[in-house]
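Presented below is the structure to which this report refers.
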Amino acid sequence: MNETPNPSVMSWHFEGWDPANLDTPSVQNLLHGAVGPRPIALASTINLKGQVNLSPFSFFNVFSAKPPVLIFSPALRVRDGSSKHTLLNVMELPEVVIQVVPFAMVEQVSLASSEFAEGVNEFQKAGLTALPSLKVAPPRVAESPIQMECKVLEVKPLGSSGGAGNLVICEVLYFHVAREVILPTGSIDPYAVDAVARLGGDWYTRSSMGLFQVEKPVRTCGIGVDALPPWLRETGCLDGNRLARLGNQPTIPNPERCREIFKEQFPDCSFDPQSPEGRRELAKAMRQLLDQGRTEHALALAMISSGAAED
Ligand SMILES: Cc1cc2nc3c(=O)[nH]c(=O)nc-3n(C[C@H](O)[C@H](O)[C@H](O)COP(=O)(O)O)c2cc1C
């Protein structure tokens, strides 16, 4: 993992804004930059005339597993406060298919977000293929490896002027998942899906790039960063991620084990482990041990540095 500043020792220089004093595009700009990457729902809907609509929404996420609930939010147009076609459609016919957007189709999806006139089918405009759904009327997008057929439980308006969101609360009735993106464990393979997500401005990211794993915290609850010798945080010699890895250890090794590990790491030790030079040496070794996944060893050196493992 890259070196990142330790938030416990660095200080930011803040600007501040009260949204009440900003115009809507400026608030949008802050929100889009602040809350990201955001997953993208590619929503297909249909009105009572049978006209199909397809549009992306990045104000989107999952909120419940039982029932399985997704929410996305078509906002009233900032320009004139009018409703987007997707919103009008789900009010007429409360059904939607939400598809995940892989990198391979991101530019088609961006094209589908154009303000085409009412009744224009964005499947055709974006060159995407409509497949019939099993449980709902709107069609699915064949190019997406994950398609979720939903009924709309509720539409919750958040305001009445341009920029106001409308929460479209959807229950998934059926999942279609391409076999090619399912791992032998049954989980979905983020590399194979390669979903895109949106940030501020024109920025996107994709799930196959820069993936890394963080183990879930130990079930028994770790010792916590506050159980570590304070000098480790105060000097910033370990960044926040490495401190957290130590704090996630279930227990502190006993003094004897700490001394054993210390001797193993420094067989010919010629420094005082509690002196500033000694602590610098220990911190270097701890960083290496942590990066090798030998967290217990690193924690033992931390305890030695504080004198907690003395006879
Ligand atoms: C990646 C992406 C994400 C978007 N997310 C949203 C969103 O969350 N809410 C929204 O109102 N518009 C969003 N838009 C803009 C809509 O897609 C756009 O207004 C579209 O024309 C709406 O289509 P409709 O009127 O056919 O429903 C997004 C556009 C893109 C390209």
Side-chain angles (χ1 to χ4, degrees), residues 24-25 27-63 70-128 130 137-139 141 143-144 146 148 150 152 155-170 193-207:
T24 309
V27 177
Q28 265 185 339
N29 199 33
L30 283 171
L31 291 169
H32 289 178
V35 184
R38 299 182 301 283
I40 299 172
L42 179 58
S44 56
T45 54
I46 193 166
N47 63 16
L48 291 177
K49 285 184 249 169
Q51 294 169 321
V52 168
N53 193 91
L54 184 68
S55 298
F57 296 94
S58 70
F59 286 8
F60 164 62
N61 222 305
V62 52
F63 291 88
L70 307 172
I71 302 181
F72 70 97
S73 174
L76 300 182
R77 291 193 185 92
V78 175
R79 193 179 60 239
D80 57 7
S82 61
S83 299
K84 296 189 176 180
H85 301 137
T86 304
L87 178 61
L88 296 171
N89 283 2
V90 294
M91 307 280 269
E92 268 188 42
L93 201 147
E95 296 180 346
V96 55
V97 185
I98 292 181
Q99 16 270 308
V100 167
V101 178
F103 177 74
M105 59 188 279
V106 65
E107 295 188 48
Q108 288 172 290
V109 168
S110 174
L111 180 56
S113 79
S114 310
E115 298 248 341
F116 293 113
E118 191 202 331
V120 171
N121 182 335
E122 285 94 355
F123 274 90
Q124 285 159 9
K125 288 287 169 201
L128 293 166
V141 178
E143 286 79 359
S144 168
I146 304 177
M148 294 170 279
C150 306
V152 175
V155 178
K156 165 99 184 121
L158 298 176
S160 54
S161 39
N166 293 278
L167 304 184
V168 181
I169 305 174
C170 312
V193 175
D194 201 7
V196 289
R198 193 138 203 231
L199 299 100
D202 291 339
W203 292 101
Y204 285 79
T205 183
R206 56 194 283 196
S207 71

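Just so you know, ligand 1 is whichever comes first in the structure, and atom 1 is the first atom listed for that ligand. We use all heavy atoms of the structure for the numbers below, so side chains are in, but hydrogens, waters and symmetry mates are not. Remember, predicted model here, so these are calculated numbers, not experimental data.
Closer than 4.0 angstrom to ligand 1 sit non-hydrogen atoms from Ile40, Asn53, Ser55, Pro56, Phe57, Ser58, Phe59, Ser73, Pro74, Ala75, Arg77, Lys84, His85, Thr86, Ser113, Ser114, Glu115, Glu122, Arg198, Tyr204.
Closest of all the heavy-atom pairs between Val97 and Pro138 is CG2-O, 3.4 Å.
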All N/O donor-acceptor pairs, side-chain side in residues 105-114, below 3.5 Å, sequence neighbours left out:
unit_1	atom_1	unit_2	atom_2	d
Gln108	NE2	Ala126	O	3.0
Gln108	NE2	Gly127	O	3.1
Ser113	OG	Ser110	O	2.6
Ser114	OG	Leu111	O	2.7

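One side chain, Ser58 or Arg38, offers a donor N or O that lies under 3.5 Å from an acceptor on the other. Side-chain contact check for Asn166 and Ser73: no donor-acceptor pair (N or O, by modelled atom type) lies under 3.5 Å.
A donor-acceptor pair is defined here as one N or O able to donate and one able to accept, closer than 3.5 Å; no such pair exists between the side chain of Gln99 and the backbone of Ile146.
Aromatic ring orientation, Phe72 versus Phe57: tilted (interplanar angle from 30° to 60°).
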